[in-house]
Amino acid sequence: MPSGSPSSAYTGIGNGKSRANPAWHNLNTTYLDNLRTLGLTPDSVDLVVLTHLHTDHVGWNTHEVNGSWVPTFRNARHITSRVERDFWAGYAMDAPRRQMFEDSVIPVEQAGLLDPVEVPGDGIEIAPGMRLLPTPGHISIHLSSAGQTALISGDAVHHPVQLAHPSLNSCVDIDATQAETTRRRLLASLAGTGTLLLGSHFPAPTGGHVLSEGDAYRLGHQASGAGAASS
(Lines give C-alpha, C1' and ligand atoms only; values in the text may rest on other atoms or scores of the structure.)
Protein backbone atom coordinates (compact mmCIF):
# COMPACT_ATOMS: atom_id res chain seq x y z
CA MET A 1 0.00 0.00 0.00
CA PRO A 2 1.39 3.43 -0.88
CA SER A 3 2.76 5.44 2.01
CA GLY A 4 0.09 7.60 3.62
CA SER A 5 -2.82 5.69 2.09
CA PRO A 6 -5.89 4.78 4.14
CA SER A 7 -6.35 1.31 5.56
CA SER A 8 -8.21 -0.58 2.86
CA ALA A 9 -9.69 -3.98 2.12
CA TYR A 10 -10.95 -6.02 -0.81
CA THR A 11 -14.08 -7.93 -0.13
CA GLY A 12 -14.36 -11.16 -2.13
CA ILE A 13 -17.26 -13.59 -1.79
CA GLY A 14 -18.21 -13.33 1.89
CA ASN A 15 -19.37 -15.87 4.44
CA GLY A 16 -22.74 -17.50 4.94
CA LYS A 17 -24.33 -16.20 1.76
CA SER A 18 -26.77 -18.05 -0.47
CA ARG A 19 -25.14 -18.28 -3.89
CA ALA A 20 -26.05 -20.08 -7.12
CA ASN A 21 -22.43 -21.10 -7.66
CA PRO A 22 -21.82 -24.12 -5.37
CA ALA A 23 -18.17 -23.11 -4.89
CA TRP A 24 -19.32 -19.77 -3.41
CA HIS A 25 -22.37 -20.96 -1.47
CA ASN A 26 -22.51 -20.57 2.32
CA LEU A 27 -18.77 -20.14 2.78
CA ASN A 28 -17.08 -20.13 6.17
CA THR A 29 -13.63 -18.61 5.63
CA THR A 30 -11.03 -16.96 7.86
CA TYR A 31 -11.10 -13.67 5.92
CA LEU A 32 -11.49 -11.39 8.96
CA ASP A 33 -8.86 -13.32 10.92
CA ASN A 34 -6.52 -12.95 7.96
CA LEU A 35 -7.06 -9.19 8.02
CA ARG A 36 -6.30 -9.09 11.73
CA THR A 37 -2.98 -10.85 11.16
CA LEU A 38 -2.13 -7.88 8.94
CA GLY A 39 -3.00 -5.51 11.76
CA LEU A 40 -6.41 -4.54 10.37
CA THR A 41 -9.70 -4.75 12.24
CA PRO A 42 -13.00 -4.07 10.45
CA ASP A 43 -13.39 -0.77 12.30
CA SER A 44 -9.89 0.37 11.32
CA VAL A 45 -10.66 0.10 7.59
CA ASP A 46 -11.73 3.44 6.18
CA LEU A 47 -11.63 2.74 2.44
CA VAL A 48 -13.09 -0.10 0.39
CA VAL A 49 -12.61 0.08 -3.37
CA LEU A 50 -15.07 -1.96 -5.43
CA THR A 51 -13.65 -2.33 -8.93
CA HIS A 52 -17.11 -3.54 -9.93
CA LEU A 53 -20.26 -4.98 -8.41
CA HIS A 54 -19.94 -8.70 -9.12
CA THR A 55 -20.74 -11.38 -6.56
CA ASP A 56 -17.13 -12.40 -5.98
CA HIS A 57 -15.98 -8.82 -5.38
CA VAL A 58 -18.53 -7.47 -2.89
CA GLY A 59 -19.34 -10.27 -0.46
CA TRP A 60 -17.51 -9.08 2.64
CA ASN A 61 -19.11 -5.66 2.34
CA THR A 62 -21.57 -7.13 4.83
CA HIS A 63 -21.84 -9.82 7.48
CA GLU A 64 -24.83 -11.27 9.28
CA VAL A 65 -25.87 -9.98 12.69
CA ASN A 66 -29.07 -11.31 14.27
CA GLY A 67 -30.46 -12.36 10.92
CA SER A 68 -29.69 -9.10 9.10
CA TRP A 69 -26.89 -8.14 6.72
CA VAL A 70 -24.97 -5.15 8.06
CA PRO A 71 -21.81 -3.39 6.84
CA THR A 72 -18.62 -5.15 7.87
CA PHE A 73 -16.51 -2.00 7.51
CA ARG A 74 -18.83 0.48 9.17
CA ASN A 75 -16.27 3.29 9.18
CA ALA A 76 -15.30 2.89 5.52
CA ARG A 77 -16.10 4.81 2.39
CA HIS A 78 -17.05 2.18 -0.22
CA ILE A 79 -16.07 3.55 -3.63
CA THR A 80 -17.50 2.25 -6.87
CA SER A 81 -18.16 3.60 -10.36
CA ARG A 82 -21.24 5.79 -10.66
CA VAL A 83 -21.66 4.66 -14.26
CA GLU A 84 -21.81 1.03 -13.17
CA ARG A 85 -24.14 1.63 -10.22
CA ASP A 86 -26.52 3.52 -12.50
CA PHE A 87 -26.34 0.70 -15.04
CA TRP A 88 -27.44 -1.93 -12.52
CA ALA A 89 -30.20 0.34 -11.24
CA GLY A 90 -31.87 0.04 -14.63
CA TYR A 91 -30.95 -3.57 -15.39
CA ALA A 92 -33.39 -6.49 -15.23
CA MET A 93 -31.40 -8.65 -12.80
CA ASP A 94 -31.82 -12.39 -12.55
CA ALA A 95 -32.55 -13.83 -9.11
CA PRO A 96 -28.92 -14.64 -8.10
CA ARG A 97 -27.69 -11.15 -8.96
CA ARG A 98 -30.65 -9.53 -7.21
CA GLN A 99 -29.90 -11.63 -4.12
CA MET A 100 -26.29 -10.42 -4.18
CA PHE A 101 -27.35 -6.79 -4.36
CA GLU A 102 -29.83 -7.27 -1.52
CA ASP A 103 -27.31 -8.82 0.88
CA SER A 104 -24.03 -7.18 -0.15
CA VAL A 105 -24.63 -3.82 -1.84
CA ILE A 106 -27.93 -2.31 -0.74
CA PRO A 107 -27.21 -2.58 3.04
CA VAL A 108 -24.03 -0.55 2.51
CA GLU A 109 -25.93 1.92 0.36
CA GLN A 110 -28.70 2.29 2.93
CA ALA A 111 -26.09 2.93 5.63
CA GLY A 112 -24.79 5.87 3.60
CA LEU A 113 -21.42 4.19 3.03
CA LEU A 114 -21.58 3.57 -0.72
CA ASP A 115 -19.89 6.36 -2.67
CA PRO A 116 -20.36 6.08 -6.46
CA VAL A 117 -17.81 8.38 -8.10
CA GLU A 118 -17.38 9.81 -11.56
CA VAL A 119 -14.10 8.55 -13.00
CA PRO A 120 -12.84 10.79 -15.83
CA GLY A 121 -10.78 9.51 -18.72
CA ASP A 122 -7.48 10.38 -17.04
CA GLY A 123 -8.58 8.89 -13.73
CA ILE A 124 -9.09 10.34 -10.28
CA GLU A 125 -6.89 10.19 -7.19
CA ILE A 126 -8.77 8.96 -4.14
CA ALA A 127 -5.81 8.68 -1.74
CA PRO A 128 -2.07 9.37 -1.88
CA GLY A 129 -0.60 6.96 -4.43
CA MET A 130 -3.99 5.47 -5.32
CA ARG A 131 -5.75 6.45 -8.53
CA LEU A 132 -8.90 5.03 -10.10
CA LEU A 133 -8.83 4.51 -13.86
CA PRO A 134 -11.91 3.97 -16.03
CA THR A 135 -12.12 0.50 -17.57
CA PRO A 136 -15.80 0.71 -18.61
CA GLY A 137 -18.10 -0.23 -16.98
CA HIS A 138 -15.70 -0.95 -14.23
CA ILE A 139 -12.69 0.70 -12.58
CA SER A 140 -9.10 -0.41 -12.17
CA ILE A 141 -6.72 0.79 -9.45
CA HIS A 142 -3.35 2.37 -10.19
CA LEU A 143 -0.90 2.35 -7.29
CA SER A 144 2.36 4.26 -6.99
CA SER A 145 4.94 4.23 -4.20
CA ALA A 146 8.70 4.75 -3.92
CA GLY A 147 9.05 5.18 -7.68
CA GLN A 148 7.22 1.94 -8.47
CA THR A 149 3.78 1.52 -10.05
CA ALA A 150 1.21 -1.26 -10.24
CA LEU A 151 -2.29 -1.69 -11.59
CA ILE A 152 -5.02 -3.91 -10.12
CA SER A 153 -7.06 -4.97 -13.12
CA GLY A 154 -10.24 -6.27 -11.48
CA ASP A 155 -12.15 -8.13 -14.20
CA ALA A 156 -10.81 -6.09 -17.11
CA VAL A 157 -8.32 -8.92 -17.65
CA HIS A 158 -9.47 -12.22 -16.19
CA HIS A 159 -6.62 -14.53 -17.19
CA PRO A 160 -3.09 -14.20 -18.65
CA VAL A 161 -4.27 -16.03 -21.80
CA GLN A 162 -6.14 -12.83 -22.65
CA LEU A 163 -2.80 -11.07 -23.15
CA ALA A 164 -2.00 -13.45 -26.00
CA HIS A 165 -5.61 -13.39 -27.21
CA PRO A 166 -7.20 -10.05 -26.22
CA SER A 167 -10.36 -10.92 -28.17
CA LEU A 168 -11.23 -13.67 -25.66
CA ASN A 169 -14.02 -12.56 -23.35
CA SER A 170 -15.29 -13.93 -20.06
CA CYS A 171 -18.79 -15.32 -19.68
CA VAL A 172 -19.54 -12.45 -17.26
CA ASP A 173 -18.82 -9.74 -19.84
CA ILE A 174 -22.29 -8.38 -20.60
CA ASP A 175 -21.04 -6.18 -23.46
CA ALA A 176 -18.45 -8.30 -25.27
CA THR A 177 -17.44 -5.55 -27.69
CA GLN A 178 -16.87 -3.02 -24.92
CA ALA A 179 -14.98 -5.61 -22.85
CA GLU A 180 -12.54 -6.33 -25.67
CA THR A 181 -12.05 -2.65 -26.46
CA THR A 182 -11.37 -1.90 -22.79
CA ARG A 183 -8.93 -4.80 -22.45
CA ARG A 184 -6.97 -3.87 -25.57
CA ARG A 185 -6.73 -0.24 -24.50
CA LEU A 186 -5.58 -1.21 -21.01
CA LEU A 187 -2.94 -3.66 -22.21
CA ALA A 188 -1.61 -1.18 -24.76
CA SER A 189 -1.29 1.46 -22.03
CA LEU A 190 0.72 -0.93 -19.83
CA ALA A 191 2.98 -2.54 -22.44
CA GLY A 192 6.64 -1.82 -21.83
CA THR A 193 5.99 0.69 -19.06
CA GLY A 194 7.33 -1.28 -16.10
CA THR A 195 3.97 -0.97 -14.32
CA LEU A 196 3.21 -4.27 -12.59
CA LEU A 197 -0.10 -5.79 -13.66
CA LEU A 198 -1.85 -7.45 -10.70
CA GLY A 199 -4.57 -9.70 -12.04
CA SER A 200 -7.42 -10.06 -9.58
CA HIS A 201 -8.19 -13.54 -10.95
CA PHE A 202 -4.74 -14.57 -12.20
CA PRO A 203 -3.34 -17.91 -11.03
CA ALA A 204 0.14 -17.75 -9.51
CA PRO A 205 2.15 -15.74 -10.28
CA THR A 206 -0.57 -13.13 -9.96
CA GLY A 207 1.60 -10.24 -11.16
CA GLY A 208 3.90 -9.39 -14.03
CA HIS A 209 4.79 -6.78 -16.60
CA VAL A 210 2.91 -6.50 -19.88
CA LEU A 211 5.27 -7.01 -22.82
CA SER A 212 4.39 -6.57 -26.48
CA GLU A 213 4.61 -9.67 -28.66
CA GLY A 214 3.57 -9.11 -32.26
CA ASP A 215 0.04 -7.73 -32.28
CA ALA A 216 -0.62 -9.15 -28.80
CA TYR A 217 1.10 -9.29 -25.41
CA ARG A 218 2.61 -11.60 -22.83
CA LEU A 219 3.27 -11.45 -19.11
CA GLY A 220 6.93 -11.22 -18.16
CA HIS A 221 9.51 -9.10 -16.39
CA GLN A 222 10.62 -5.64 -17.48
CA ALA A 223 14.15 -4.98 -16.24
CA SER A 224 14.21 -1.67 -14.41
CA GLY A 225 15.84 1.07 -16.45
CA ALA A 226 17.61 -1.45 -18.68
CA GLY A 227 15.16 -1.70 -21.54
CA ALA A 228 15.45 -5.49 -21.36
CA ALA A 229 12.71 -8.01 -20.75
CA SER A 230 12.43 -11.69 -19.93
CA SER A 231 9.58 -14.13 -19.61
Side-chain angles (χ1 to χ4, degrees), residues 1-14 17 31-32 34-35 38 40-63 69-91 93 97 100-145 149-158 172 174 178-179 182 185-186 189 195-201:
M1 185 61 60
S3 176
S5 292
S7 297
S8 59
Y10 303 94
T11 63
I13 295 167
K17 297 191 170 181
Y31 175 86
L32 292 181
N34 294 344
L35 282 183
L38 298 174
L40 294 173
T41 64
D43 285 352
S44 72
V45 172
D46 55 12
L47 179 65
V48 173
V49 180
L50 305 169
T51 58
H52 60 295
L53 303 176
H54 278 180
T55 305
D56 53 331
H57 290 259
V58 301
W60 270 108
N61 287 356
T62 62
H63 66 294
W69 296 106
V70 301
T72 303
F73 307 105
R74 58 185 181 178
N75 296 321
R77 176 189 183 198
H78 292 62
I79 293 177
T80 194
S81 163
R82 181 175 297 281
V83 170
E84 189 195 3
R85 183 64 189 99
D86 290 348
F87 171 83
W88 292 121
Y91 188 80
M93 298 185 192
R97 193 183 302 276
M100 176 271 288
F101 264 78
E102 289 174 353
D103 62 37
S104 297
V105 177
I106 292 174
V108 174
E109 200 164 39
Q110 290 178 337
L113 299 176
L114 190 68
D115 186 6
V117 298
E118 301 285 353
V119 183
D122 60 348
I124 182 173
E125 188 173 63
I126 58 169
M130 182 182 293
R131 190 172 190 85
L132 303 184
L133 298 178
T135 42
H138 177 288
I139 50 179
S140 294
I141 306 167
H142 187 272
L143 303 173
S144 59
S145 180
T149 57
L151 185 128
I152 300 171
S153 64
D155 278 11
V157 187
H158 266 89
V172 298
I174 290 177
Q178 178 67 75
T182 295
R185 184 181 297 125
L186 179 64
S189 74
T195 294
L196 188 68
L197 173 62
L198 300 173
S200 299
H201 288 284

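Looking at every heavy atom in both residues, Thr62 comes nearest to Thr72 through C-OG1, 3.0 Å. Residues Arg82 and Glu118 share a closest heavy-atom pair of CD-OE2, 2.8 Å. Residues Pro71 and Pro107 share a closest heavy-atom pair of CG-O, 4.1 Å. Leu53 and Met100 make their closest contact through O-CE, 3.3 Å (heavy atoms, listed as atom of the first residue, atom of the second, distance). The heavy-atom pair separating Ile152 from Leu143 by the smallest distance is CD1-CD1, 4.1 Å.
Between His52 and His57, the ring-plane angle classifies as tilted under the 30° and 60° cut-offs.
Arg131 places a side-chain N or O within donor-acceptor distance of the main-chain N or O of Asp122, the cut-off being under 3.5 Å. In this structure, Asn61 contributes its side chain and Ser104 its backbone to a donor-acceptor pair below 3.5 Å. A distance-only check finds a donor-acceptor pair linking the side chain of His78 to the backbone of Ala76 [under 3.5 Å]. Side chain of Thr182 to backbone of Thr135: no donor-acceptor contact under 3.5 angstrom is found.
Classification of Arg77 and Asp46 as a salt-bridged pair fails, no side-chain N sitting under 4.0 Å from a carboxylate O.
Considering only heavy atoms from C-beta on, Leu197 comes within 4.5 Å of Ser153 through its side chain. For the pair His63/Leu32, no side-chain contact is recorded, criterion being any heavy-atom separation below 4.5 Å from C-beta on. Residues Leu50 and Glu84 are not in side-chain contact: their nearest non-hydrogen atoms beyond the backbone lie 4.5 Å or more apart. Contact check for Lys17 versus Trp69: side-chain heavy atoms found under the 4.5 Å cut-off. Side-chain contact check for Val105 versus Trp88: every heavy-atom pair is 4.5 Å or farther apart. Between His138 and Thr51, the closest side-chain pair of non-hydrogen atoms falls below 4.5 Å.
Between atom CD1 of residue Ile126 and atom CG of residue Asp115 there is a gap of 9.5 Å, rounded to the nearest 0.5 Å. In this structure, CG on Asp86 lies 16.0 Å from OH on Tyr91, to the nearest 0.5 angstrom. For the atom pair Leu133 CG and Ile124 CD1, the distance stands at 11.0 Å (nearest 0.5 Å).
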Residues Ile141, Leu132; criterion side chain to side chain contact (heavy atoms under 4.5 Å, CB included); working and verdict: CA-CA 5 Å; Ile141 306 167; Leu132 303 184; 4.2 Å; yes
Go through Tyr31 and Ile13 one step at a time and tell me if the side chain to side chain contact (heavy atoms under 4.5 Å, CB included) criterion holds. CA-CA 10 Å; Tyr31 175 86; Ile13 295 167; over 6 Å; no
List the steps, then state whether side chain to side chain contact (heavy atoms under 4.5 Å, CB included) holds for Leu151 with Leu186. CA-CA 10 Å; Leu151 185 128; Leu186 179 64; 4.0 Å; yes
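Environment of CZ in Arg74: sparse, with no more than 12 heavy atoms of neighbouring residues, nucleotides or ligands closer than 6.0 Å.
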